[in-house]
Student: 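Pasting in a structure now, in structure tokens, and then I'll have a few things to ask.
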Protein chains: 2
Amino acid sequence: MARPSLPAVICRDCALYHTARVLGLESPDCSQLDAMVIRNRPVARGEALYAAGDPVRYLYLVHSGACILHDGRDPQQVTGFFLPGEIVGFEDLDAEIHGFSAHALQAGSLCLLDLTGLDQLPAERLIGVQRYLLKAAAAHARLLQRERLITGLPSAEQRIAAFLLGLAKRFQAHGLPSNSFRLPMSREEIASYLGLAPETVIRTLKKLAGRGLVSVRARQIQIHDPSALERLLAA
Amino acid sequence: MARPSLPAVICRDCALYHTARVLGLESPDCSQLDAMVIRNRPVARGEALYAAGDPVRYLYLVHSGACILHDGRDPQQVTGFFLPGEIVGFEDLDAEIHGFSAHALQAGSLCLLDLTGLDQLPAERLIGVQRYLLKAAAAHARLLQRERLITGLPSAEQRIAAFLLGLAKRFQAHGLPSNSFRLPMSREEIASYLGLAPETVIRTLKKLAGRGLVSVRARQIQIHDPSALERLLAA
DNA sequence: CGAGATGTTGACGACCCTCAAGTGCAGTGG
DNA sequence: CCACTGCACTTGAGGGTCGTCAACATCTCG
């Protein structure tokens, strides 16, 4: 426990908790999950969940820490970030092998859902699990569409503002503090995600801080005036 | 039939065809779909499939024509395009009301899957339909991740090249000609989608045409040298 | 404590956005 | 059939934003 204060979702807010429920495992503390779900598996900083070319086997729920998704090319281009409570792996769910690569950005823990076990469930439960996974996949699609809007914004300032607001909303959605958080990713990874140069990310953050909208100290972010950030996007 | 040559998927390549199959409706010409699927409903150019705030009821499969997705704000920001064979509506599938708006870009036809009828299916069929929809949602998530890479590219030239290649790949995936096609969207919509100014889209297309990589005549596109376009992205 | 990664700052130039005027095409009505 | 009207598209000039490069500071981890 090097970081006792590492943000983590409680099981109630964990996306797989509901899966556990529909699996017929009602225990709210997630203590009775069977072989299909691997609970709270620790991951080290930088550890790969999967790489492009690996066979597809699991969905990964981030319990604490954070993960990053990128294409397998060179130079790597960042496609997405996953925060506590979110599910990694939908983008390759229908394929035999992975088309993207996913890594842990920090030490943390994941819950894994073994996809190969699904078909052996009794029909009643399978229907519930599938219904839940379909909704989770839809929620993920919605997140991707929303995040897509960010990269399409014309100026670096708008993109950074929208990026911070998006993170805040996602933290909040899973019961984590949303106006004060630690960025799990580097400036360079933010830059790649937003289609900017790392220096532009730095300068834009400083510019927003200079206006009092946010505070930035290393990776620690405080959002002082969310509505002012919102207003930047409308313009 | 004003445009007899309007590109349309044949039912075999239609994403809902497989849904029809798992529904137990094996007819390859889609002639026996029951009340849950509305077949080949015509849509006029500019007609709304749904607007932000509308209740969620259907998934929409594009049979011919094309659709556009955008947020409901002002100015509207384009979030996605949907080509024949692709499914519109996943992003709001888990919600009560729509968070985005979808319109037809051209006159065409759609197949609609009524989501409210799903739960009344017998268990055996429901499992199959859900499994198929989950895979389709995953494929959609993958498409969104891939398209996301495009907007993250640093230069307008790379974004346009990747955009054209992405369209070509998607046409090809559903059995339509991939090196010669008609853009269903305006320059301005492309610009909004890619985070560029419309003028930049025009100039960049002209620049690519000047090098002989593509031909552009109004909305008619011919890709002469796909591998040269690919090479632009690697740099 | 040291070494390497990560972050920061400044100067300069290219790219792209803005604004404005002009062209072509499509659908409409005479 | 042809002019008309509106919209999409095109083209040009100029300025601002952001990318590039290089040097330095700071942080993190072994």
Side-chain angles (χ1 to χ4, degrees), chain A residues 2-3 6 44-47 65-66 68 75-78 103-107 150-163 182-210 214-221 232 235, chain B residues 2-3 6 44-46 66 68 75-78 103 105-107 150-161 163 182-210 214-221 232 235:
Chain A
R3 291 180 184 280
L6 188 67
R45 172 195 172 94
E47 184 177 332
I68 188 173
Q76 283 183 349
Q77 201 177 342
V78 175
H103 290 263
L105 283 167
Q106 320 173 341
I150 297 178
T151 318
L153 290 168
S155 75
E157 189 174 296
Q158 288 181 314
R159 278 185 239 180
I160 294 286
F163 177 69
R182 188 180 159 77
L183 293 173
M185 72 295 280
S186 71
R187 305 284 194 262
E188 186 168 355
E189 286 159 343
I190 297 175
S192 171
Y193 183 69
L194 296 179
L196 298 171
E199 297 90 333
T200 303
V201 173
I202 292 166
R203 282 187 256 259
T204 307
L205 282 173
K206 171 160 279 193
K207 188 160 60 171
L208 293 178
V214 300
S215 291
V216 182
R217 175 172 170 71
R219 295 196 180 183
Q220 191 63 36
I221 299 286
L232 280 182
Chain B
R3 291 180 184 281
L6 188 65
R45 172 194 169 95
I68 188 172
Q76 283 181 351
Q77 200 177 340
V78 175
H103 291 263
L105 284 167
Q106 317 175 342
I150 296 177
T151 319
L153 289 168
S155 75
E157 188 174 296
Q158 287 180 314
R159 278 185 239 182
I160 294 286
F163 177 70
R182 187 179 159 78
L183 293 173
M185 73 294 282
S186 71
R187 305 284 194 259
E188 187 169 352
E189 286 159 340
I190 297 174
S192 171
Y193 183 69
L194 296 180
L196 298 170
E199 297 91 333
T200 304
V201 173
I202 291 166
R203 282 187 255 259
T204 307
L205 281 173
K206 172 160 280 194
K207 188 160 61 170
L208 292 178
V214 300
S215 291
V216 183
R217 175 172 169 72
R219 296 196 179 182
Q220 191 64 37
I221 299 288
L232 281 181

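Heavy atoms only: backbone and side chains are in, while hydrogens, waters and symmetry mates are out. Note on naming: letters A, B, ... go to the chains in the order of the sequence lines (proteins, then strands), and numbering restarts at 1 for each one.
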Student: What is the distance from CD of A/Glu157 to P of D/dT17, rounded to the nearest Å?
Tutor: 9 Å

Student: What I'd like to find out is whether the side chain of A/Arg159 reaches to under 4.5 Å of the side chain of A/Leu196, using heavy atoms alone.
Tutor: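 They are in side-chain contact.
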
Student: Side-chain contact, heavy-atom cut-off 4.5 Å: A/Lys206 with A/Val216?
Tutor: no

Student: Determine the contact category for A/Arg159: base if any of its heavy atoms lies under 4.0 Å from a base atom, sugar-phosphate if only primed atoms, P, OP1 or OP2 are that close, otherwise nothing.
Tutor: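 Counting heavy atoms under 4.0 Å across all strands, no contact is made by A/Arg159.
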
Student: Do A/Glu157 and A/Leu153 have side-chain heavy atoms sitting under 4.5 Å apart?
Tutor: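 When only atoms from C-beta onward are counted, A/Leu153 and A/Glu157 do not touch, as no gap falls below 4.5 Å.
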
Student: Just compare C/dA20, D/dC21, C/dC25 and give me whichever is closest to any side-chain atom of A/Glu199.
Tutor: D/dC21

Student: Among C/dC16, C/dT6, D/dT20, which nucleotide sits nearest the side chain of B/Thr200?
Tutor: C/dC16

Student: Between atom CD in A/Glu189 and atom P in C/dA5, what is the gap in whole Å?
Tutor: 14 Å

Student: Could you work out which one of C/dG7, D/dA22, D/dG19 sits closest to the side chain of A/Arg187?
Tutor: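 Of C/dG7, D/dA22, D/dG19, C/dG7 is nearest to the side chain of A/Arg187.
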
Student: What nucleotide among D/dC9, C/dC25, D/dC18 has an atom nearest to a side-chain atom of B/Ile202?
Tutor: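 Of D/dC9, C/dC25, D/dC18, D/dC9 is nearest to the side chain of B/Ile202.
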
Student: Check this one for me: any side-chain N or O of B/Lys206 less than 4.0 Å away from OP1 or OP2 of D/dT11?
Tutor: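 Answer yes for this pair, as a side-chain N or O of B/Lys206 is under 4.0 Å from OP1 or OP2.
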
Student: What's the closest nucleotide to the side chain of B/Ser186 if the choices are C/dC17, D/dC9, C/dC16?
Tutor: D/dC9

Student: On DNA chain C, does the nearest nucleotide to A/Arg217 precede the nearest nucleotide to A/Pro154 from the 5' side, or the other way round? Give the residue.
Tutor: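 Comparing both residues, the 5'-ward one is A/Arg217.
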
Student: In whole angstrom, give the distance that lies between atom NZ of B/Lys207 and atom P of C/dC16.
Tutor: 6 Å

Student: For A/Glu188 and C/dT8, what is the distance between atoms CD and P respectively, to the nearest whole Å?
Tutor: 13 Å

Student: Rounded at 0.5 Å granularity, tell me how far CG in A/Leu194 sits from CD in A/Gln158.
Tutor: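 That separation rounds to 12.5 Å.
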
Student: Separation of B/Leu196 atom CG from D/dC18 atom P, in whole Å?
Tutor: 14 Å

Student: Would you say that B/Ser186 contacts B/Arg219 through its side chain, given a criterion of any heavy-atom pair below 4.5 Å between the two side chains?
Tutor: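 A side-chain contact exists here, since the closest heavy-atom pair is under 4.5 Å.
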
Student: Between C/dG7 and A/Arg219, is there an OP1 or OP2 to side-chain N/O distance shorter than 4.0 Å?
Tutor: yes

Student: Could you check how far CD of B/Gln158 sits from C1' of C/dC16, rounded to whole Å?
Tutor: 14 Å

Student: Any base atoms under 4.0 Å from B/Arg45, or only sugar-phosphate, or nothing? Heavy atoms, all strands.
Tutor: nothing

Student: Could you work out which one of C/dC16, D/dG19, D/dT11 sits closest to the side chain of A/Arg203?
Tutor: D/dG19

Student: How long is the line joining CZ of A/Arg182 and P of C/dT6, in whole Å?
Tutor: 13 Å

Student: Rounded off to whole Å, could you give me the CG-to-P distance for the B/Leu153 and C/dC15 pair?
Tutor: 16 Å

